[in-house]
Amino acid sequence: MDLVLLSRLQFAMTVFFHFVFVPLTLGLSVLLAIMETMYVRTGNEDYKRMVKFLGKLFLINFVLGVVTGITLEFQFGTNWSRYSAFVGDIFGSLLAIEATVAFFLESTFIAVWAFGWERVSKKMHCFAIWMVAIAGNISALWIILANGFMQNPVGYVIRNGRAELDDFFAVLSNPYAWGEYFHTVTSAWMLGGFFVLGVAAWHLARKNEVSLFTKAVRIAAPFTLVMALLVAAAGHHQGAVVAKLQPAKMAAMESHWTTQKNAPMYVFVWPDQKNGKNAVEALPIPGLMSWIAFGDADAEVKGLSDFPKEDIPPVLPTFLSFRFMVAMGGLFIFVAAWAWWRRKDIAGDKHLSKILPWMIPVPYVAIMAGWTVAEVGRQPWIVYNLMRTSDAVSPVPSSSVLISFLAFLGIYTLLGVVDIWLLRKFARKGPEPVKPAEEA
(Lines give C-alpha, C1' and ligand atoms only; values in the text may rest on other atoms or scores of the structure.)
Protein backbone atom coordinates (compact mmCIF):
# COMPACT_ATOMS: atom_id res chain seq x y z
CA MET A 1 0.00 0.00 0.00
CA ASP A 2 0.96 3.65 -0.43
CA LEU A 3 3.24 4.89 2.38
CA VAL A 4 1.60 8.31 2.61
CA LEU A 5 -1.91 6.83 2.77
CA LEU A 6 -0.91 4.29 5.42
CA SER A 7 0.79 6.95 7.54
CA ARG A 8 -2.25 9.21 7.28
CA LEU A 9 -4.62 6.36 8.15
CA GLN A 10 -2.57 5.39 11.19
CA PHE A 11 -2.39 8.93 12.51
CA ALA A 12 -6.09 9.54 11.80
CA MET A 13 -7.03 6.33 13.60
CA THR A 14 -4.92 7.07 16.68
CA VAL A 15 -5.92 10.72 16.95
CA PHE A 16 -9.62 9.91 16.50
CA PHE A 17 -9.44 7.21 19.16
CA HIS A 18 -7.66 9.62 21.48
CA PHE A 19 -10.19 12.33 20.79
CA VAL A 20 -12.99 10.04 21.92
CA PHE A 21 -11.75 10.74 25.45
CA VAL A 22 -10.69 14.39 25.17
CA PRO A 23 -14.03 16.25 24.80
CA LEU A 24 -15.67 14.46 27.73
CA THR A 25 -12.63 15.27 29.90
CA LEU A 26 -12.86 18.96 28.94
CA GLY A 27 -16.63 19.27 29.26
CA LEU A 28 -17.29 17.10 32.29
CA SER A 29 -14.49 18.74 34.30
CA VAL A 30 -16.24 22.11 33.98
CA LEU A 31 -19.60 20.67 35.02
CA LEU A 32 -17.98 18.89 37.98
CA ALA A 33 -16.43 22.19 39.06
CA ILE A 34 -19.81 23.94 38.89
CA MET A 35 -21.54 21.13 40.80
CA GLU A 36 -18.90 21.00 43.52
CA THR A 37 -19.13 24.77 43.87
CA MET A 38 -22.86 24.29 44.49
CA TYR A 39 -21.99 21.73 47.18
CA VAL A 40 -19.54 24.10 48.90
CA ARG A 41 -22.04 26.97 48.79
CA THR A 42 -25.13 25.04 49.92
CA GLY A 43 -23.78 22.08 51.88
CA ASN A 44 -26.41 19.91 50.16
CA GLU A 45 -25.16 16.31 50.13
CA ASP A 46 -26.94 15.60 46.83
CA TYR A 47 -24.35 17.75 45.07
CA LYS A 48 -21.49 15.93 46.77
CA ARG A 49 -22.87 12.53 45.82
CA MET A 50 -23.47 13.79 42.28
CA VAL A 51 -19.86 14.95 41.97
CA LYS A 52 -18.52 11.67 43.35
CA PHE A 53 -20.70 9.68 40.92
CA LEU A 54 -19.83 11.71 37.82
CA GLY A 55 -16.26 12.05 39.06
CA LYS A 56 -15.79 8.29 38.85
CA LEU A 57 -16.87 8.39 35.20
CA PHE A 58 -14.57 11.36 34.62
CA LEU A 59 -11.55 9.55 36.06
CA ILE A 60 -12.17 6.44 33.94
CA ASN A 61 -12.29 8.62 30.85
CA PHE A 62 -9.26 10.69 31.89
CA VAL A 63 -6.99 7.69 32.52
CA LEU A 64 -7.79 6.05 29.19
CA GLY A 65 -7.38 9.40 27.44
CA VAL A 66 -3.85 9.76 28.81
CA VAL A 67 -2.96 6.23 27.67
CA THR A 68 -4.21 6.80 24.12
CA GLY A 69 -2.54 10.21 23.87
CA ILE A 70 0.99 9.08 24.66
CA THR A 71 1.54 7.43 21.27
CA LEU A 72 0.52 10.50 19.26
CA GLU A 73 3.62 12.58 19.92
CA PHE A 74 5.88 9.62 19.16
CA GLN A 75 4.34 9.32 15.70
CA PHE A 76 5.76 12.69 14.71
CA GLY A 77 9.18 11.08 14.96
CA THR A 78 8.36 7.59 13.68
CA ASN A 79 5.92 8.29 10.84
CA TRP A 80 6.41 12.00 10.11
CA SER A 81 10.13 12.59 10.66
CA ARG A 82 10.52 14.92 7.66
CA TYR A 83 7.66 17.05 8.95
CA SER A 84 9.22 17.09 12.42
CA ALA A 85 12.59 18.12 11.00
CA PHE A 86 10.95 20.91 8.98
CA VAL A 87 8.72 22.51 11.66
CA GLY A 88 10.03 20.98 14.89
CA ASP A 89 11.33 24.35 16.10
CA ILE A 90 7.76 25.69 16.18
CA PHE A 91 5.57 22.64 16.64
CA GLY A 92 7.82 21.07 19.26
CA SER A 93 7.94 24.18 21.45
CA LEU A 94 4.13 24.36 21.63
CA LEU A 95 3.76 20.68 22.54
CA ALA A 96 6.57 21.00 25.10
CA ILE A 97 4.74 23.86 26.84
CA GLU A 98 1.53 21.81 26.84
CA ALA A 99 3.24 18.80 28.40
CA THR A 100 5.42 20.58 30.98
CA VAL A 101 2.96 23.27 32.11
CA ALA A 102 -0.69 22.54 31.38
CA PHE A 103 -0.69 18.74 31.58
CA PHE A 104 1.59 18.74 34.64
CA LEU A 105 -0.75 21.20 36.39
CA GLU A 106 -3.80 19.13 35.44
CA SER A 107 -2.23 15.87 36.61
CA THR A 108 -1.12 17.35 39.94
CA PHE A 109 -4.52 18.73 40.86
CA ILE A 110 -6.42 15.70 39.62
CA ALA A 111 -4.48 13.65 42.16
CA VAL A 112 -5.43 16.12 44.92
CA TRP A 113 -9.06 15.98 43.80
CA ALA A 114 -9.30 12.19 43.35
CA PHE A 115 -7.68 11.31 46.68
CA GLY A 116 -8.45 14.42 48.68
CA TRP A 117 -12.04 13.77 49.74
CA GLU A 118 -12.17 14.22 53.54
CA ARG A 119 -8.40 14.86 53.53
CA VAL A 120 -8.43 18.51 52.48
CA SER A 121 -10.98 21.25 53.16
CA LYS A 122 -14.10 21.60 51.03
CA LYS A 123 -12.83 24.81 49.48
CA MET A 124 -9.42 23.34 48.69
CA HIS A 125 -11.04 20.29 47.14
CA CYS A 126 -13.30 22.50 45.04
CA PHE A 127 -10.31 24.60 44.01
CA ALA A 128 -8.58 21.42 42.83
CA ILE A 129 -11.34 20.48 40.39
CA TRP A 130 -11.46 24.05 39.06
CA MET A 131 -7.71 23.83 38.43
CA VAL A 132 -8.19 20.50 36.66
CA ALA A 133 -10.84 22.07 34.43
CA ILE A 134 -8.78 25.18 33.70
CA ALA A 135 -5.53 23.27 33.10
CA GLY A 136 -7.24 20.74 30.84
CA ASN A 137 -8.73 23.46 28.67
CA ILE A 138 -5.39 25.32 28.60
CA SER A 139 -3.75 22.07 27.52
CA ALA A 140 -6.18 21.91 24.61
CA LEU A 141 -5.23 25.48 23.69
CA TRP A 142 -1.53 24.65 23.22
CA ILE A 143 -2.34 21.63 21.09
CA ILE A 144 -4.73 23.62 18.91
CA LEU A 145 -2.18 26.43 18.58
CA ALA A 146 0.14 23.78 17.13
CA ASN A 147 -2.58 22.59 14.78
CA GLY A 148 -3.41 26.20 13.95
CA PHE A 149 0.14 26.68 12.68
CA MET A 150 -0.39 23.75 10.32
CA GLN A 151 -3.62 25.37 9.09
CA ASN A 152 -2.28 28.94 8.89
CA PRO A 153 1.52 29.12 9.28
CA VAL A 154 2.60 32.41 10.85
CA GLY A 155 5.53 33.73 12.87
CA TYR A 156 8.24 31.76 11.07
CA VAL A 157 11.20 32.22 8.74
CA ILE A 158 12.81 29.65 6.46
CA ARG A 159 16.46 29.01 7.35
CA ASN A 160 18.58 26.16 6.06
CA GLY A 161 15.51 24.47 4.60
CA ARG A 162 13.60 24.55 7.91
CA ALA A 163 10.77 26.65 9.30
CA GLU A 164 12.13 28.34 12.41
CA LEU A 165 10.27 30.37 15.02
CA ASP A 166 10.59 34.10 14.39
CA ASP A 167 7.59 35.66 16.17
CA PHE A 168 6.15 33.66 19.08
CA PHE A 169 3.37 36.21 19.63
CA ALA A 170 2.20 35.74 16.02
CA VAL A 171 1.91 32.00 16.67
CA LEU A 172 0.02 32.66 19.93
CA SER A 173 -2.39 35.11 18.29
CA ASN A 174 -3.02 33.05 15.15
CA PRO A 175 -6.66 33.85 14.22
CA TYR A 176 -7.24 30.41 12.70
CA ALA A 177 -6.09 28.68 15.89
CA TRP A 178 -8.26 30.77 18.20
CA GLY A 179 -11.35 30.25 16.09
CA GLU A 180 -10.60 26.53 16.02
CA TYR A 181 -10.06 26.52 19.79
CA PHE A 182 -13.36 28.13 20.70
CA HIS A 183 -15.27 25.91 18.29
CA THR A 184 -13.58 22.81 19.73
CA VAL A 185 -13.91 23.75 23.41
CA THR A 186 -17.56 24.82 23.22
CA SER A 187 -18.26 21.52 21.39
CA ALA A 188 -16.53 19.61 24.19
CA TRP A 189 -18.46 21.46 26.89
CA MET A 190 -21.70 20.79 25.03
CA LEU A 191 -20.79 17.11 24.79
CA GLY A 192 -20.21 17.04 28.56
CA GLY A 193 -23.65 18.57 29.03
CA PHE A 194 -25.35 15.97 26.84
CA PHE A 195 -23.47 13.21 28.68
CA VAL A 196 -24.85 14.38 32.03
CA LEU A 197 -28.34 14.89 30.60
CA GLY A 198 -28.33 11.42 29.04
CA VAL A 199 -27.23 9.67 32.22
CA ALA A 200 -29.66 11.69 34.36
CA ALA A 201 -32.58 11.06 32.00
CA TRP A 202 -31.91 7.31 32.08
CA HIS A 203 -32.06 7.25 35.88
CA LEU A 204 -35.02 9.62 36.15
CA ALA A 205 -37.04 7.45 33.77
CA ARG A 206 -36.51 4.63 36.28
CA LYS A 207 -37.24 6.82 39.32
CA ASN A 208 -33.67 6.39 40.61
CA GLU A 209 -32.33 9.13 42.90
CA VAL A 210 -34.93 11.61 41.64
CA SER A 211 -33.79 14.52 43.80
CA LEU A 212 -30.14 14.13 42.87
CA PHE A 213 -30.64 13.70 39.11
CA THR A 214 -33.20 16.49 38.95
CA LYS A 215 -30.52 18.81 40.35
CA ALA A 216 -28.08 17.47 37.75
CA VAL A 217 -30.53 18.27 34.95
CA ARG A 218 -31.18 21.78 36.27
CA ILE A 219 -27.45 22.47 36.04
CA ALA A 220 -26.72 20.61 32.80
CA ALA A 221 -29.75 21.69 30.73
CA PRO A 222 -29.10 25.46 30.60
CA PHE A 223 -25.36 24.80 30.36
CA THR A 224 -25.86 22.53 27.34
CA LEU A 225 -28.22 24.95 25.60
CA VAL A 226 -25.81 27.86 26.00
CA MET A 227 -22.95 25.72 24.71
CA ALA A 228 -24.97 24.47 21.72
CA LEU A 229 -25.68 28.08 20.73
CA LEU A 230 -22.03 29.04 21.23
CA VAL A 231 -20.93 26.08 19.09
CA ALA A 232 -23.06 27.40 16.24
CA ALA A 233 -21.74 30.95 16.69
CA ALA A 234 -18.12 29.78 16.89
CA GLY A 235 -18.63 27.57 13.85
CA HIS A 236 -20.02 30.45 11.81
CA HIS A 237 -17.07 32.63 12.83
CA GLN A 238 -14.59 29.89 11.94
CA GLY A 239 -16.25 29.47 8.56
CA ALA A 240 -15.47 33.11 7.81
CA VAL A 241 -11.85 32.58 8.89
CA VAL A 242 -11.57 29.54 6.62
CA ALA A 243 -13.03 31.50 3.68
CA LYS A 244 -10.32 34.12 4.13
CA LEU A 245 -7.32 31.93 4.91
CA GLN A 246 -8.14 28.61 3.19
CA PRO A 247 -10.39 29.36 0.20
CA ALA A 248 -9.89 25.90 -1.33
CA LYS A 249 -11.18 24.27 1.86
CA MET A 250 -14.15 26.63 1.91
CA ALA A 251 -14.99 25.74 -1.68
CA ALA A 252 -14.68 22.01 -0.91
CA MET A 253 -16.94 22.36 2.15
CA GLU A 254 -19.70 23.66 -0.14
CA SER A 255 -18.64 21.79 -3.31
CA HIS A 256 -18.46 25.17 -5.02
CA TRP A 257 -16.76 24.96 -8.43
CA THR A 258 -17.27 28.27 -10.22
CA THR A 259 -15.97 31.61 -8.94
CA GLN A 260 -18.87 34.02 -8.70
CA LYS A 261 -20.41 36.89 -6.82
CA ASN A 262 -23.72 36.44 -5.00
CA ALA A 263 -22.79 32.77 -4.73
CA PRO A 264 -25.79 30.58 -3.91
CA MET A 265 -25.95 27.67 -1.49
CA TYR A 266 -27.75 24.62 -2.82
CA VAL A 267 -29.94 22.59 -0.51
CA PHE A 268 -29.21 19.40 -2.44
CA VAL A 269 -25.72 18.86 -3.86
CA TRP A 270 -23.63 15.85 -4.82
CA PRO A 271 -19.99 16.50 -5.81
CA ASP A 272 -18.38 15.00 -8.91
CA GLN A 273 -14.69 15.81 -8.40
CA LYS A 274 -13.55 13.65 -11.29
CA ASN A 275 -15.39 15.88 -13.77
CA GLY A 276 -14.89 19.12 -11.82
CA LYS A 277 -18.56 19.83 -11.17
CA ASN A 278 -21.59 18.77 -9.14
CA ALA A 279 -23.57 15.79 -10.33
CA VAL A 280 -26.61 17.24 -8.52
CA GLU A 281 -27.48 20.86 -7.76
CA ALA A 282 -30.99 21.68 -6.60
CA LEU A 283 -32.84 24.39 -4.67
CA PRO A 284 -30.33 27.28 -4.66
CA ILE A 285 -30.55 29.99 -2.03
CA PRO A 286 -29.10 33.08 -3.77
CA GLY A 287 -26.22 34.85 -2.04
CA LEU A 288 -26.24 32.61 1.04
CA MET A 289 -22.76 31.17 0.50
CA SER A 290 -21.33 34.66 -0.06
CA TRP A 291 -23.03 35.92 3.10
CA ILE A 292 -21.87 32.98 5.25
CA ALA A 293 -18.29 33.28 3.97
CA PHE A 294 -17.86 37.05 3.98
CA GLY A 295 -20.93 38.60 5.62
CA ASP A 296 -21.89 40.12 2.25
CA ALA A 297 -24.41 38.48 -0.09
CA ASP A 298 -22.67 40.08 -3.10
CA ALA A 299 -19.14 38.97 -2.19
CA GLU A 300 -17.15 36.85 -4.60
CA VAL A 301 -16.48 33.24 -3.58
CA LYS A 302 -13.62 31.49 -5.34
CA GLY A 303 -14.52 28.16 -6.94
CA LEU A 304 -12.52 24.95 -6.99
CA SER A 305 -12.02 25.20 -10.74
CA ASP A 306 -9.71 28.19 -10.17
CA PHE A 307 -7.25 26.11 -8.13
CA PRO A 308 -4.63 23.78 -9.63
CA LYS A 309 -5.98 20.22 -9.63
CA GLU A 310 -3.14 19.04 -7.43
CA ASP A 311 -4.13 21.61 -4.77
CA ILE A 312 -7.82 20.69 -4.56
CA PRO A 313 -8.67 18.75 -1.38
CA PRO A 314 -10.80 15.58 -1.44
CA VAL A 315 -14.19 17.18 -2.01
CA LEU A 316 -16.71 14.47 -1.14
CA PRO A 317 -15.51 13.63 2.42
CA THR A 318 -14.99 17.34 3.20
CA PHE A 319 -18.42 18.28 1.85
CA LEU A 320 -20.31 15.42 3.54
CA SER A 321 -18.55 15.92 6.88
CA PHE A 322 -19.35 19.63 6.82
CA ARG A 323 -23.03 19.10 5.96
CA PHE A 324 -23.37 16.44 8.67
CA MET A 325 -21.72 18.69 11.27
CA VAL A 326 -24.04 21.59 10.44
CA ALA A 327 -27.13 19.36 10.53
CA MET A 328 -26.11 17.96 13.91
CA GLY A 329 -25.55 21.51 15.19
CA GLY A 330 -29.20 22.27 14.50
CA LEU A 331 -30.25 19.04 16.22
CA PHE A 332 -28.18 19.87 19.31
CA ILE A 333 -29.82 23.28 19.71
CA PHE A 334 -33.28 21.75 19.33
CA VAL A 335 -32.75 18.92 21.84
CA ALA A 336 -30.90 21.15 24.32
CA ALA A 337 -33.72 23.71 24.19
CA TRP A 338 -36.24 20.91 24.69
CA ALA A 339 -34.31 19.62 27.72
CA TRP A 340 -34.08 23.14 29.16
CA TRP A 341 -37.84 23.61 28.71
CA ARG A 342 -38.59 20.32 30.53
CA ARG A 343 -35.69 20.56 33.01
CA LYS A 344 -37.99 20.40 36.05
CA ASP A 345 -39.58 17.11 34.95
CA ILE A 346 -37.56 15.24 32.32
CA ALA A 347 -39.18 11.94 33.29
CA GLY A 348 -42.60 13.45 32.60
CA ASP A 349 -41.70 13.72 28.92
CA LYS A 350 -41.47 10.11 27.74
CA HIS A 351 -40.08 11.06 24.33
CA LEU A 352 -37.34 13.31 25.70
CA SER A 353 -36.32 10.86 28.43
CA LYS A 354 -35.84 8.20 25.75
CA ILE A 355 -34.01 10.50 23.33
CA LEU A 356 -31.46 11.99 25.73
CA PRO A 357 -29.52 8.77 26.51
CA TRP A 358 -29.21 8.14 22.77
CA MET A 359 -27.87 11.67 22.31
CA ILE A 360 -24.70 10.82 24.27
CA PRO A 361 -22.71 9.44 21.29
CA VAL A 362 -24.00 11.94 18.69
CA PRO A 363 -21.77 14.92 19.67
CA TYR A 364 -18.73 12.62 19.43
CA VAL A 365 -19.57 11.81 15.82
CA ALA A 366 -20.27 15.47 15.02
CA ILE A 367 -16.94 16.57 16.51
CA MET A 368 -15.11 13.89 14.50
CA ALA A 369 -16.86 15.19 11.38
CA GLY A 370 -15.64 18.69 12.22
CA TRP A 371 -12.05 17.49 12.53
CA THR A 372 -12.45 15.64 9.22
CA VAL A 373 -13.38 18.95 7.62
CA ALA A 374 -10.37 20.64 9.21
CA GLU A 375 -7.81 17.97 8.32
CA VAL A 376 -9.03 16.44 5.06
CA GLY A 377 -10.00 19.88 3.78
CA ARG A 378 -6.39 21.07 4.32
CA GLN A 379 -4.97 18.44 1.97
CA PRO A 380 -2.72 18.09 0.05
CA TRP A 381 -0.85 20.24 2.59
CA ILE A 382 0.38 19.13 6.00
CA VAL A 383 1.41 22.77 6.59
CA TYR A 384 -0.86 24.90 4.45
CA ASN A 385 0.90 26.23 1.34
CA LEU A 386 4.26 25.41 2.93
CA MET A 387 4.78 21.64 3.01
CA ARG A 388 2.88 18.88 1.22
CA THR A 389 1.79 15.79 3.12
CA SER A 390 3.57 13.60 0.59
CA ASP A 391 6.88 15.30 1.50
CA ALA A 392 6.40 14.89 5.27
CA VAL A 393 6.42 11.12 5.82
CA SER A 394 9.32 9.15 7.26
CA PRO A 395 11.44 7.12 4.80
CA VAL A 396 10.36 3.75 6.20
CA PRO A 397 8.96 0.62 4.51
CA SER A 398 5.20 0.56 3.98
CA SER A 399 5.09 -2.87 5.62
CA SER A 400 6.37 -1.39 8.90
CA VAL A 401 3.62 1.21 8.94
CA LEU A 402 1.00 -1.41 8.06
CA ILE A 403 2.08 -3.65 10.95
CA SER A 404 2.03 -0.77 13.44
CA PHE A 405 -1.33 0.40 12.07
CA LEU A 406 -2.89 -3.03 12.64
CA ALA A 407 -1.31 -3.26 16.10
CA PHE A 408 -2.61 0.16 17.13
CA LEU A 409 -6.03 -0.65 15.69
CA GLY A 410 -6.27 -3.77 17.84
CA ILE A 411 -5.01 -2.09 21.02
CA TYR A 412 -7.13 1.02 20.61
CA THR A 413 -10.25 -0.99 19.78
CA LEU A 414 -9.74 -2.92 23.02
CA LEU A 415 -9.27 0.31 24.99
CA GLY A 416 -12.37 1.81 23.38
CA VAL A 417 -14.44 -1.24 24.30
CA VAL A 418 -13.10 -1.13 27.86
CA ASP A 419 -13.93 2.57 28.16
CA ILE A 420 -17.49 2.17 26.90
CA TRP A 421 -18.04 -0.90 29.09
CA LEU A 422 -16.75 0.83 32.23
CA LEU A 423 -18.66 4.06 31.59
CA ARG A 424 -21.86 2.15 30.87
CA LYS A 425 -21.41 -0.08 33.92
CA PHE A 426 -20.84 2.72 36.43
CA ALA A 427 -23.28 5.13 34.79
CA ARG A 428 -26.08 2.55 35.09
CA LYS A 429 -25.04 1.68 38.65
CA GLY A 430 -25.63 5.25 39.79
CA PRO A 431 -24.36 7.06 42.90
CA GLU A 432 -23.28 5.22 46.00
CA PRO A 433 -26.23 4.80 48.40
CA VAL A 434 -26.51 7.20 51.32
CA LYS A 435 -24.81 5.82 54.43
CA PRO A 436 -26.95 5.48 57.58
CA ALA A 437 -24.87 8.12 59.38
CA GLU A 438 -25.56 10.56 56.56
CA GLU A 439 -29.30 9.77 56.67
CA ALA A 440 -29.33 10.51 60.39
Side-chain angles (χ1 to χ4, degrees), residues 4-5 8 83 86-87 147-154 156 158 163 174-177 179-180 183 235-326 369-392:
V4 176
L5 178 60
R8 289 180 63 196
Y83 164 80
F86 183 65
V87 299
N147 183 266
F149 177 83
M150 297 168 69
Q151 305 283 353
N152 178 44
V154 293
Y156 71 95
I158 302 295
N174 189 341
Y176 193 104
E180 192 174 45
H183 194 36
H236 174 70
H237 173 267
Q238 186 64 359
V241 173
V242 169
K244 180 181 178 182
L245 299 177
Q246 293 184 339
K249 180 189 287 185
M250 177 67 190
M253 286 160 58
E254 296 292 354
S255 192
H256 176 63
W257 293 92
T258 304
T259 300
Q260 63 185 111
K261 295 181 179 181
N262 194 236
M265 179 179 290
Y266 292 89
V267 176
F268 297 104
V269 176
W270 191 260
D272 180 6
Q273 187 166 1
K274 182 178 179 180
N275 294 307
K277 63 178 184 178
N278 290 324
V280 176
E281 282 185 350
L283 301 180
I285 304 174
L288 183 58
M289 190 186 304
S290 294
W291 180 81
I292 290 174
F294 298 105
D296 179 1
D298 293 321
E300 182 178 271
V301 181
K302 193 173 181 180
L304 289 166
S305 298
D306 281 3
F307 295 93
K309 282 190 176 182
E310 63 272 17
D311 290 348
I312 297 176
V315 177
L316 185 62
T318 306
F319 168 79
L320 291 178
S321 298
F322 177 68
R323 286 288 173 109
F324 176 79
M325 178 182 64
V326 171
W371 277 108
T372 300
V373 173
E375 300 305 300
V376 174
R378 188 185 66 235
Q379 300 305 315
W381 306 98
I382 193 168
V383 183
Y384 193 67
N385 283 338
L386 197 61
M387 185 182 201
R388 291 184 180 271
T389 306
S390 57
D391 297 328

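Basis for what follows: all heavy atoms, side chains included, without hydrogens, waters or symmetry-related copies.
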Task: Pairs where residues 240-261 contributes a residue and the test salt bridge (charged side-chain N to carboxylate O under 4.0 Å, His left out) is met, not counting sequence neighbours - done: Glu254-Arg323
TODO: Test side-chain contact (heavy atoms from CB on, under 4.5 Å) on Thr389 and Tyr83 and set out the steps.
DONE: CA-CA 8 Å; Thr389 306; Tyr83 164 80; over 6 Å; no
Open item on the list: Looking at every heavy atom in both Gly239 and Met250, which two are closest together, and how far apart are they?
Closed with: O-SD, 4.1 Å
Open item on the list: Considering only residues two or more places apart or on different chains, which pairs with a residue in residues 274-300 satisfy salt bridge (charged side-chain N to carboxylate O under 4.0 Å, His left out)?
Closed with: none
- [ ] Step by step, work out the side-chain contact (heavy atoms from CB on, under 4.5 Å) result for Asp391 and Trp381.
- [x] CA-CA 9 Å; Asp391 297 328; Trp381 306 98; over 6 Å; no
Task: Residues that Ile312 engages under side-chain contact (heavy atoms from CB on, under 4.5 Å), provided they are two or more places apart - done: Gln273, Leu304, Phe307, Val315
Task: Option from Val269, Asn278, Val373 for which side chain to side chain contact (heavy atoms under 4.5 Å, CB included) with Phe319 holds - done: Val269
Task: 4.5 Å side-chain heavy-atom contact, Met253 and Val242 - done: yes
- [ ] Please report the shortest heavy-atom distance between Trp371 and Glu180, naming the atom on each side.
- [x] CZ3-OE2, 3.5 Å
Open item on the list: Tell me whether His256 contacts the main-chain N or O of Val301 through its side chain, where contact means a donor paired with an acceptor under 3.5 Å.
Closed with: yes
Open item on the list: How close do Val4 and Ser390 get, counting heavy atoms only, and between which atoms?
Closed with: CG2-CA, 3.9 Å
Open item on the list: I'd like to check Phe149 versus Tyr156 (side-chain heavy atoms, cut-off strictly below 4.5 Å). Are they in contact?
Closed with: yes
Task: Nearest heavy-atom neighbours spanning Gln151 and Tyr384 - done: O-CB, 3.2 Å
Task: Over all atoms of both residues, closest heavy-atom pair of Ala279 and Asp272 - done: N-CB, 3.9 Å
Task: Of all pairs that satisfy salt bridge (charged side-chain N to carboxylate O under 4.0 Å, His left out), the ones with a partner from residues 370-381, not counting sequence neighbours - done: Glu375-Arg378
Open item on the list: Would you say that Leu320 contacts Trp270 through its side chain, given a criterion of any heavy-atom pair below 4.5 Å between the two side chains?
Closed with: yes
Task: Inter-residue atom distance His236.NE2 - Ile292.CD1, 0.5 Å rounding - done: 7.5 Å
Open item on the list: I need the full list of side-chain hydrogen bond (donor to acceptor under 3.5 Å, both in side chains) pairs touching residues 304-318, with sequence neighbours left out, sorted by first then second residue.
Closed with: Thr259-Asp306, Asp311-Arg388
What side-chain donor-acceptor pairs closer than 3.5 Å can you find for residues 284-291, not counting sequence neighbours?
residue: Ser290; atom: OG; partner: Ala263; partner atom: N; Å: 2.7
residue: Ser290; atom: OG; partner: Ala299; partner atom: O; Å: 2.7

TODO: Kindly say whether Val154 contributes a backbone atom to a donor-acceptor pair with the side chain of Asn174 at under 3.5 angstrom?
DONE: no
